[in-house]
2 protein chains.
Amino acid sequence: MADAVSVERSLDGMPGDLQSCPIRQVLDRIGDRWSLLLLLTLKDAPQRFNALGRAVPDISRRMLSSTLKSLEADGLIWRSVEATTPPAVTYGLTDRGRSLIVALRPLVDWAEVQTPAILMDRRRAS
Amino acid sequence: MADAVSVERSLDGMPGDLQSCPIRQVLDRIGDRWSLLLLLTLKDAPQRFNALGRAVPDISRRMLSSTLKSLEADGLIWRSVEATTPPAVTYGLTDRGRSLIVALRPLVDWAEVQTPAILMDRRRAS
DNA sequence: ATTGCTGGTCTCAATTAGAGACTGTAATCG
DNA sequence: CGATTACAGTCTCTAATTGAGACCAGCAAT
C-alpha cells in the first residue's frame, strides 16, 4: 500500500499531546477539501463511484478514490463490490458516518445562514 | 496584496451551481488544516500572534499569518494592533466567529467520543 | 555583548492536488 | 461491423499549496 496520498498524513512523530487531541485527529482527516462534501453527498442514498464524481463535479478521480479510501479506513463509509462486468462499486454511510452527519447539521445550517454576509465581508476585505 | 496563499481559493470561474452551495463556500475556507484549530484556540480568550503559534505548535508562521488573514476577511476574527514597541497584535473571535464555535460544538463532541474507535479502525485498515 | 522577544514577510524546497492518458470488458449506437 | 460509452480505478506529469528557516526592526534582560 504505497500511494494513498496525503489524506493520510503521518500521525507518528508528533509531540505526544497533539496526538491525543481528538479534534486534531479527526480534523486532520475529514477537515480537507472533499471529505465532508462526499459524506454529505452520500447522506440520502448510497452512490457508485462515478455517480459521486458527477455529484461533486470538480473533484478529480484521483482524489475521489483516495478520499473514499480514507473515509472507509475511518469506518465512516462502506464499500461494496458486485463482481459483475463491469464491476459495480457502491459506497454508503456506515452508522458512524451517519452519526457524523448528524453532528454536522448545525454547521451546515450555520453555513447556510452566514454565507451571504461572509461573502459581502470578503468583497469588502479584498 | 499578492501572496495570501491558497486559503483564498479562487471563487470565480466555477460552474454556477457550485458557487451557490453554501456548505461549499464555507468549507472551502474553514475546511483546511488550520482554520478550525485556530478558531477553537481563540475560544476562551483573545490571543496574540506568537501565543497562537505556541498553542498550535506545528503551524508555520507563514500559514498562521495567512490563515488569520483569511479568517479576518471572513469576519470570523478581529485583529487589533497596539502601537507600542514592539507592537502588540491581538486576535479574538467576533460574534460571527463565536456563533461558528457554537455550531461546531456537536462536531467537537462527536470527535471526542468517536476518536478511539476510529483510531482502532485505522490500524486495522492499514 | 549576546541572546531573545515582538509580528510578520521572503525565498526555496518538499508535499499535495489536479489533468488527463490508460486499463479491459461489455453494452449501445449508427 | 466499427466506434463510442460506461464501469472503477491507477499512473504519470505538472501545477498549486505548504513547510522550513532566514531576515527585518527595535527593545529588554542576562
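Values below: every heavy atom of this structure, side chains too, minus hydrogens, waters and symmetry copies. Labels below follow one simple rule: chain letters A, B, ... track the order of the sequence lines, proteins then strands, and each chain is numbered from 1.
- As rounded to whole Å, 13 Å separates atom C1' of dG19(D) from atom CG of Leu64(B).
- With axes fitted over five pairs at each extremity, the angle between the ends of the helix from dG7(C)-dC24(D) to dG30(C)-dC1(D) is 40° (10° resolution).
- For Ala73(B), the side chain to side chain contact (heavy atoms under 4.5 Å, CB included) partners are Ala125(A), not counting sequence neighbours.
- Listed pair Trp34(A) / dG18(C) meets the phosphate criterion, a side-chain N or O lying under 4.0 Å from OP1 or OP2.
- For Ser80(A), the side chain to side chain contact (heavy atoms under 4.5 Å, CB included) partners are Trp78(A), Thr90(A), not counting sequence neighbours.
- Remark: P of dA14(C) and CG of Asp58(B) are 20 Å apart, rounded to the nearest angstrom.
- Atom CZ of residue Arg29(A) and atom OG of residue Ser35(A) lie 9.0 Å apart, to the nearest 0.5 angstrom.
- Of the side-chain N and O atoms in Arg33(A), none sit less than 4.0 angstrom from OP1 or OP2 of dA17(C).
- Contact check, Lys69(A) against dA8(D): no side-chain N or O comes under 4.0 Å of OP1 or OP2.
- Between Ile23(A) and Leu107(B) the shortest side-chain heavy-atom distance does not fall below 4.5 Å.
- Here dT6(C) presents its C1' atom at 10 Å from CZ of Arg54(B), a figure rounded to the nearest Å.
- A donor-acceptor pair under 3.5 Å is formed between the side chain of Thr115(B) and the backbone N or O of Ala111(B).
- In this structure, the CE atom of Met63(B) is 16 Å from the P atom of dT15(C), given to the nearest Å.
- Listed by chain and residue number, Arg96(B) satisfy the side chain to side chain contact (heavy atoms under 4.5 Å, CB included) test with Ala117(A) (two or more places apart in sequence, or in another chain).
- Rounded to an integer number of Å, the gap from Asn50(A) CG to dG9(D) P is 9 Å.
- The CZ atom of Arg33(A) sits 6.5 Å away from the CG atom of Asp58(A) when rounded to the nearest 0.5 Å.
- Rounding to whole angstrom units, CZ of residue Arg61(B) and P of dG8(C) are separated by 10 Å.
- Mapping Ile59(A) and Pro87(A) onto DNA chain C by nearest heavy atom places Ile59(A) closer to the 5' end of the strand.
- Between Ser65(B) and the phosphate of dT9(C), there is a side-chain N or O to OP1/OP2 separation shorter than 4.0 Å.
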Trace of the side-chain contact (heavy atoms from CB on, under 4.5 Å) decision for Gln114(B) with Ser99(A): CA-CA 10 Å; Gln114(B) 298 287 338; Ser99(A) 75; 4.0 Å; yes

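- Distance, Phe49(A) CZ to dG9(D) C1': 6 Å, rounded to whole Å.
- Only Arg79(A), Pro86(A), listed by number, bring a heavy atom of residues 75-86 of chain A to less than 4.0 angstrom from any atom of DNA chain D.
- An OP1 or OP2 oxygen of dT16(C) is reached within less than 4.0 angstrom by no side-chain nitrogen or oxygen of Arg62(A).
- Between the CG atom of Asp28(B) and the C1' atom of dA17(C) there is a distance of 14 Å, given to the nearest Å.
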Distance-only criterion, 3.5 Å: show the donor-acceptor pairs between side-chain atoms of residues 40-50 of chain A and protein atoms not counting sequence neighbours.
unit_1	atom_1	unit_2	atom_2	d
Thr41(A)	OG1	Leu37(A)	O	2.6

